[in-house]
2 protein chains.
Amino acid sequence: MGATKSELFSEEDNRIATLAKAIGHPARIAIIKHLAVTKGCICGDLVDVLPLSQSTISQHLKALKEAGIIMGEVEGAKICYCINPVTFAQTKNYFEAFFAEIKNCCC
Amino acid sequence: MGATKSELFSEEDNRIATLAKAIGHPARIAIIKHLAVTKGCICGDLVDVLPLSQSTISQHLKALKEAGIIMGEVEGAKICYCINPVTFAQTKNYFEAFFAEIKNCCC
DNA sequence: AAACATTATCGCAATATTGCGATTGATTTT
DNA sequence: AAAATCAATCGCAATATTGCGATAATGTTT
């Protein structure tokens, strides 16, 4: 196989897993942090800051965009990427709810 | 390639990425939730509850254990898995700090 | 219009992940 | 001791991810 059998799990479990997976790479963490500090920047800026090629960074941006964590706004030839405030707040809430739901322990 | 170049990123970014990655699968979310509700159970119980094979669930348990999110205690032939309260609290803190660090927006 | 800047995408290779059945090793039960 | 239970691991196949260079597509400058 190799593909996650997401149809076997709840919407909720899939949603938080998808968000966590999107965050689950150091480059994407670094991208999110940089977007937060700069309050939005273009891909080229990230290429200057991160030790990865342009095509690789573009792919990570795509992954974050598909998960709904960031968004891009066209500004002529450039695209200004920034954290999507709405969905990022939702993401935060999902994680908070998840961690609150656990808070138990142990054998 | 195919391998993440983690040596190029900060300890902190790698740590949260590793934790997020461990959580980034619906089966592992479901496992964590079940361990929380039952306050610990054996692999066989998870096999009864989840629509995956024993070997697959065993692998997911291994992944969660390696990330430090859960731990296993030998009880004769059985192994009682439960959330590791210490590291889980740390995980929660990491995510809280990460989300707090962002809380900005946008272009 | 030509040169340039910017970013997405394609094609490729290497590696990782997901999932399963079968087997193994260990403990319990009968 | 034999049979049964439990969970880890091996081996395999399918798919996904990571990363890069090259190219394409679009807009900007000169």
Side-chain angles (χ1 to χ4, degrees), chain A residues 1-9 13-14 17-31 34-35 40-67 70-82 107, chain B residues 1-9 13-14 17-31 34-35 40-67 70-82 107:
Chain A
M1 308 293 150
T4 295
K5 296 190 164 182
S6 43
E7 70 282 3
L8 300 178
F9 299 96
D13 289 356
N14 276 307
T18 299
L19 289 168
K21 196 176 179 182
I23 294 179
H25 191 289
R28 294 195 287 270
I29 295 286
I31 287 173
H34 197 257
L35 291 183
C41 70
I42 65 171
C43 177
D45 292 342
L46 292 164
V47 174
D48 292 340
V49 167
L50 299 180
L52 294 172
S53 74
Q54 183 268 322
S55 61
T56 300
I57 288 174
S58 188
Q59 257 185 290
H60 283 305
L61 286 170
K62 189 182 178 187
L64 287 170
K65 202 166 65 178
E66 279 175 359
I70 68 171
M71 60 194 226
E73 225 172 279
V74 179
E75 284 188 357
K78 308 178 182 182
I79 295 179
C80 180
Y81 281 100
C82 60
C107 314
Chain B
M1 309 292 148
T4 294
K5 296 190 162 181
S6 43
E7 71 280 5
L8 300 179
F9 299 95
D13 289 355
N14 276 307
T18 299
L19 290 169
K21 196 175 179 182
I23 293 179
H25 191 289
R28 294 196 287 270
I29 294 286
I31 287 173
H34 197 257
L35 291 183
C41 70
I42 65 172
C43 178
D45 291 342
L46 292 165
V47 174
D48 293 339
V49 166
L50 299 180
L52 294 172
S53 74
Q54 184 268 321
S55 61
T56 299
I57 288 173
S58 188
Q59 258 185 292
H60 283 306
L61 287 169
K62 189 182 178 187
L64 287 170
K65 202 166 64 178
E66 279 174 359
I70 68 170
M71 59 194 227
E73 226 171 278
V74 178
E75 286 188 357
K78 307 177 183 182
I79 295 178
C80 181
Y81 282 100
C82 59
C107 315

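Every chain is numbered from 1 and lettered A, B, ... according to where its sequence line falls, protein lines coming before strand lines. On a predicted model such as this, the values are computed, not experimentally measured, just so you know.
Spacing between atom CG of B:Asp45 and atom P of D:dC6 amounts to 9 Å, rounded to whole angstrom units. The interatomic distance linking B:Ile70 (CD1) with D:dA8 (C1') rounds to 13 Å, in whole Å. A:Tyr81 has its OH atom 14 Å from the P atom of C:dT6, to the nearest Å. For A:Ile57 and D:dG19, the CD1 to P distance is 10 Å, given to the nearest whole Å. One atom, NZ of A:Lys78, and another, P of C:dT7, lie 8 Å apart when rounded to the nearest Å. The NZ atom of B:Lys62 sits 8 Å away from the C1' atom of D:dT9 (whole-angstrom rounding). We find that CG of A:Leu46 is positioned 9 Å from P of C:dT7, with the value rounded to whole Å. Note: CD (A:Glu66) to C1' (D:dT18) measures 15 Å, nearest angstrom.
Donor-acceptor pairing under 3.5 Å is lacking for the side chains of B:Thr4 and B:Ser6.
Toward the 5′ end of DNA chain C lies the nearest nucleotide of A:Leu61, the other residue of the pair A:Gly2 and A:Leu61 mapping further downstream. Residue order along DNA chain C, read from the 5' end via each residue's closest nucleotide, puts A:Gln54 first among A:Phe9 and A:Gln54. Each of A:Pro51 and A:Ala3 was matched to the nucleotide of DNA chain D holding its nearest heavy atom; the match closer to the 5' end belongs to A:Ala3.
Minimum atom distance to the side chain of B:His25 is reached by C:dT18, of the listed D:dG19, C:dT15, C:dT18. When each of D:dA8, C:dG19, C:dT15 is scored by its nearest atom to the side-chain atoms of B:Leu52, the top-ranked nucleotide is C:dG19. Side-chain proximity of B:Gln59 to the nucleotides C:dC20, C:dA16, D:dG27 is greatest for C:dC20. If you check D:dT18, C:dT7, C:dG19 against the side chain of A:Thr4, the one that comes closest is C:dG19.
Checking the phosphate oxygens (OP1, OP2) of C:dG19, a side-chain nitrogen or oxygen of B:His60 falls inside 4.0 Å. Close to C:dG21, at under 4.0 Å from its OP1 or OP2, lies no side-chain N or O of B:Ser55. A close approach under 4.0 Å does not occur between any side-chain nitrogen or oxygen of B:Lys21 and OP1 or OP2 of C:dA16. Contact between the side-chain N/O atoms of B:Ser58 and the OP1/OP2 oxygens of D:dA8 is found at a separation under 4.0 Å.
Residue-to-nucleotide contacts include no donor-acceptor pair under 3.5 Å from the side chain of A:Ser53 to the base of D:dG19.
If you run side chain to side chain contact (heavy atoms under 4.5 Å, CB included) between A:Tyr81 and each of A:Leu64, A:Leu46, A:Ile42, A:Leu35, only A:Leu35 comes through.
Using a 4.0 Å heavy-atom criterion, one finds that B:Ile42 contacts the sugar-phosphate atoms exclusively.
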List the steps, then state whether side chain to side chain contact (heavy atoms under 4.5 Å, CB included) holds for A:Leu61 with A:Ile79. CA-CA 11 Å; A:Leu61 286 170; A:Ile79 295 179; over 6 Å; no
Run A:Glu73 and A:Cys82 through side chain to side chain contact (heavy atoms under 4.5 Å, CB included) and show every step you take. CA-CA 8 Å; A:Glu73 225 172 279; A:Cys82 60; 5.6 Å; no
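With A:Thr18 contributing its side chain and A:Asn14 its backbone, the two residues share a donor-acceptor pair below 3.5 Å.
Classification of the B:His60-B:His25 ring pair by plane angle, with boundaries at 30° and 60°, yields tilted.
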